[in-house]
Amino acid sequence: MKKLIPLIVILLTIFGLAHYIAPKLPPQTELRPLGEFYLKNSYFGEYSAKSPEVVTSILWDYRGVDTFFETSVFFLAIIGSLTVFRLNKKEERLAKQKPKEFTGGLTLVVKSVTKIIVVMILAVSASIALHGHLTPGGGFQGGSALAVAPLLIIAAYSKYALEEHGLDKTRALILRSIGLLGIALVALVPLLTGGFIMQNQPIFPAEIKGQLVSGSLIYYNLFEFLAVGGGFTAVFLLLAIPEKVFKEILGVGE
Amino acid sequence: MIEIQLIILLILVILGLIFSYLAILERDLLKAVGFSAVQAIAYSIALYILMAPDIVLAYVAIAVGIYTALLVFVVSKTTRYEVV
């Protein structure tokens, strides 16, 4: 019971503040000029990104460089965690071997459910990423949804199941690098035809065979999807190495 | 009829606050991770009511899935109970 007293005090303070401050704040009745510009221009208008999804067109077109650097920060974070876990080739082979006490993951029920759910997650994440220029969502959202699928497999089966089927750390890193390279290339392509870095319209085609692809937005979303999914998967594969194996590799006793 | 949405929003945000408070107090770190996941679910529904579907899609995957799993990995590599 004693634990709840600070909680009640916090709640009362918040309610009190809300009661006194909220009526004094001026209500926002008009659109800000910048917001109005984005709303009017994202699909129609002179500075169009040819995308009905305003958020994605801001992320990858109007404020594209912001997102580019955000992605670089994410990569530096991934590279940092890979450096902490660095292993040479022999140690990596050691980490891929199953330990003696490995029993084969969770029960049959969990495994069967995981099989179905993983397929569903893959489909949903692809739809979030590849429809990012039409509906809410985009590369980062889709990529982080994609990363949940290997995570579920690691939890239900084991990291060895993933590695036996070909998705090991190196492959995940290759996927991540393809994504980053793709983003950089798509950003540089407009320079060839006399445009600016990360320019979208009119250099990239807005429609392919009658399907709205919003110029460069779909390429950015696709590559960001691969990059984020691959990066997270690599980190999870490293984190899933049992602590005991790590201690053996590093030669540190209990 | 905006009142119903506002009341649901209020309940969810208070729920999130309560669960984050519990997560801070809890000594069993696995339970604390669970509390933090409940807080994340409450906030993701709150964000949906606030009409920010882009944020919801990222928040659900990161805060409920990846963040929770990362913390469970960390707990499994260290100790389960917080000792002061």
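Order of the sequence lines fixes the chain letters, A, B, ..., with proteins taken first and strands second; residue numbering starts at 1 for each chain.
Only the side chain of L25(B) comes within less than 4.5 Å of a heavy atom of chain A; its backbone N, CA, C and O stay farther away. Both the backbone and the side chain of L7(A) have a heavy atom closer than 4.5 Å to some heavy atom of chain B. At a 4.5 Å heavy-atom cutoff, the contact between I10(A) and chain B is made by side-chain atoms alone. Of the atoms belonging to A155(A), not a single heavy atom falls under 4.5 Å from chain B. Neither the backbone nor the side chain of L146(A) comes within contact range of chain B; no heavy atoms are under 4.5 Å apart.
The line from CZ of F73(B) to CD1 of I154(A) is 5.0 Å long, rounded to the nearest 0.5 Å.
For L76(A), the CG atom counts as densely surrounded, since its 6.0 Å shell holds more than 12 non-hydrogen atoms of other residues, nucleotides or ligands.
When all heavy atoms are compared, the tightest approach of A147(A) to I66(B) is CB-CD1, 4.0 Å.
At a threshold of 4.5 Å between non-hydrogen side-chain atoms, the residues L57(B) and F140(A) do not count as touching.
Residues of residues 10-18 of chain B lying within less than 4.5 angstrom of chain A, judged on heavy atoms, are L10(B), I14(B), L17(B), I18(B) in numerical order.
Remark: V124(A) pairs with I128(A) by the side-chain contact (heavy atoms from CB on, under 4.5 Å) rule, at least two apart or across chains. Applying the side-chain contact (heavy atoms from CB on, under 4.5 Å) criterion to L25(A), with sequence neighbours excluded, gives I21(A).
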Taking donor and acceptor roles from the modelled atom types, list the N and O pairs under 3.5 Å across chain B and chain A.
from   : atom 1 : to      : atom 2 : distance (Å)
Y21(B) : OH     : K3(A)   : O      : 2.6
D54(B) : O      : Q141(A) : NE2    : 3.0
D54(B) : OD2    : G137(A) : N      : 3.1
K77(B) : NZ     : L239(A) : O      : 3.4
K77(B) : NZ     : I241(A) : O      : 2.8
K77(B) : NZ     : E243(A) : OE1    : 3.2

